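Inspection log for the structure reproduced underneath, given as structure tokens.
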Amino acid sequence: MRPEMKEYNYDWLMSSALSAAANLANGTQKETDLAYQYIPYFKGVTKTFVDGGDAGVQVLKLFDTYYKNILTAHERGKKICATTFCFSPSILYAMGVVPICTELLTALGNIVWRRGMFDYMDYASQVGLPETSCSSQRGALGAYFAELGESIDFIVCDTPGVCDTNANAFAFAASYMDKPYYALNYPQNIGDERSQGYHVDDYRELVRFIEVQTGSKMDYDRLAAVLAEVEKQDAMIADIEDLHSLKPTPLSPMHNIAVYAGRFTFSGHKEYTTLLEKIIETAKKKAKMGASGLKTGKEKLRAYMFYIDHYTLDMNFWNWFDDNSIAHMGGMLSHHFSDTIGYTESLPGIAYHLDRSSPESMFESIAQLNARLPMVRSVRGPYDQPNMWLEETLALAENFGADCLIYNGTPGCRNTWANVKLMARDLEKHGYPVHVMYDDAFDDRVESWDATKERLEEFFKVRGLI
Ligand code: SF4
């Protein structure tokens with residue numbers, strides 16, 4: 001790694017940048033506009049969130065708090081757990097542990113810094129993590145491998161099968177950094193009693209593991225409080241999903257990433273509830289006027305991302321939707337599967353139910369919630385089986401009135417690249433124009449944003465969509 005990269009810690013740098021960006025919105029419009037002249041490097045990303053109004057500013061505050069929690073964890077006597085976006089942090093909050101969601105940290109570095117997370121990714125490969133592994137973990141993990149972040153105390157993830165490259169990255173991290181590690185088995189089936197029972201038992205073991213790491217027993221009152229907050233958030237997400245189904249959608253493209261970034265960082269925590277409140281407030285105002293959430297004010301068509309987004313500099317990907325009057329109808333990461341949400345009715349067995357009546361039912365609830373997270377839910381086996389990738393995509397595309405479907409992933413994503421052409425063929429048969437993006441969602445060296453944008457524009461033009 002370049003010596004200058006080692007001068008500052010990754011998490012401290014990010015915290016400082018996001019904290020300054022969040023504070024910028026406290027000034028008057030004139031003050032904010034003047035301040036942009038002094039931060040040319042950060043202007044693009046800051047302006048996108050600040051222009052997003054209360055919800056956008058709340059996103060900056062939430063990220064700022066996330067990094068501050070990490071930076072102050074040890075002085076507050078808390079343990080830090082490195083984990084993945086397909087593992088709900090709610091159990092960690094219930095047990096007083098500070099989570100680090102590696103994929104989110106990589107995405108944020110890419111969005112905020114022109115230099116991206118490239119040096120950290122390369123460093124991770126230099127110490128042994130294959131460059132064919134998923135870039136989403138490699139970026140943030142590289143910084144922690146180089147000891148450019150708070151020291152991680154233990155690691156929790158989901159097992160291979162859901163995503164081998166993801167699980168192997170955490171197994172490698174545990175061995176390289178010599179940290180205790182728990183791999184939660186992914187459930188073979190969703191909604192099947194035997195499989196669900198096995199998953200709850202496994203989850204119980206996970207909780208025992210965390211108890212050993214923290215030296216404290218699970219506090220069921222605290223778990224109940226966290227689950228009560230999750231329940232509240234699920235009801236709010238159901239409202240957001242309803243608002244998103246309106247034509248035009250009152251949600252902006254940025255709201256989609258806000259919904260899932262908030263869930264990956266603060267599920268069950270009040271920070272996320274505040275963010276959801278702001279999104280609902282903003283979207284309801286627009287909906288009342290029948291207005292579009294897009295900056296251009298008109299919705300020409302709707303695109304559904306049937307995998308993940310593109311985490312390129314300055315929120316360029318989401319801004320591109322805005323600039324072209326294309327509504328971003330969310331993707332595999334943003335949509336949610338609690339039984340409070342309407343579209344889950346068309347996918348029997350897919351939804352989880354929260355029950356806080358006893359310690360037993362709380363275990364069952366939180367384990368089933370975890371099993372409904374992205375990838376664990378629908379990218380863990382044959383793409384065209386019940387409730388898997390194809391069925392889920394078709395149900396969501398129909399629910400949100402998508403006009404076209406777009407795939408984006410990482411070259412490391414073997415679970416999706418193995419099927420993506422078959423998926424595209426099947427989705428086209430259902431009448432949806434499909435575009436497969438060939439960039440790396442987290443590494444712009446694979447394909448530049450300019451090239452990606454040109455290919456997107458070509459797709460919309462050639463298919464006669466705009
Ligand atoms: S499924 Fe794809 S994007 Fe998700 S962790 Fe695995 S390789 Fe990365």
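Every number for a ligand or one of its atoms is a count from 1 in the order of the listing. Being a predicted model, the structure only gives us computed values, none of them experimental.
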Please state whether the rings of Tyr307 and Tyr407 are parallel, tilted or perpendicular, taking 30° and 60° as the class boundaries.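 The arrangement is parallel - the two ring planes meet at less than 30°.
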How are the rings of Phe154 and Phe209 set relative to one another: parallel (under 30°), tilted (30 to 60°) or perpendicular (over 60°)?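 Judged by the thresholds at 30° and 60°, the geometry between Phe154 and Phe209 is perpendicular.
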Between [X] (side chain) and [Y] (backbone), is there a donor-acceptor pair under 3.5 Å?
X	Y	result
Trp389	Phe306	yes
Gln233	His269	yes
Ser15	Asp11	no
Glu211	Met218	yes
Arg455	Ala451	no

Short list, please: which atoms of ligand 1 are under 4.0 Å from a heavy atom of Phe85?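 Atoms satisfying the 4.0 Å criterion: 4 (Fe), 5 (S).
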At what distance is the nearest protein heavy atom to atom 3 (S) of ligand 1, and which residue and atom is it?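 For this ligand atom, the closest protein heavy atom is Tyr307 OH, 3.6 Å.
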Would you check, one step at a time, whether the test side chain to side chain contact (heavy atoms under 4.5 Å, CB included) holds for Asn319 with Lys295? CA-CA 9 Å; Asn319 288 335; Lys295 279 187 208 141; 3.2 Å; yes
Nearest candidate to atom 5 (S) of ligand 1, where distance is taken over non-hydrogen atoms, out of Arg380, Gln137, Met332, Glu103: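 Answer by nearest heavy atom: Gln137.
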Could you please tell me which protein N, O or S atoms lie under 2.8 Å from atom 6 (Fe) of ligand 1?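 Counting only protein N, O or S atoms under 2.8 Å from atom 6 (Fe) of ligand 1, the list reads Cys163 SG.
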Have a look at ligand 1 and work out which part of Phe442, if any, has a heavy atom under 4.0 Å from it: side chain, backbone, both or neither.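 Looking at Phe442 and ligand 1, no heavy atom falls under 4.0 Å.
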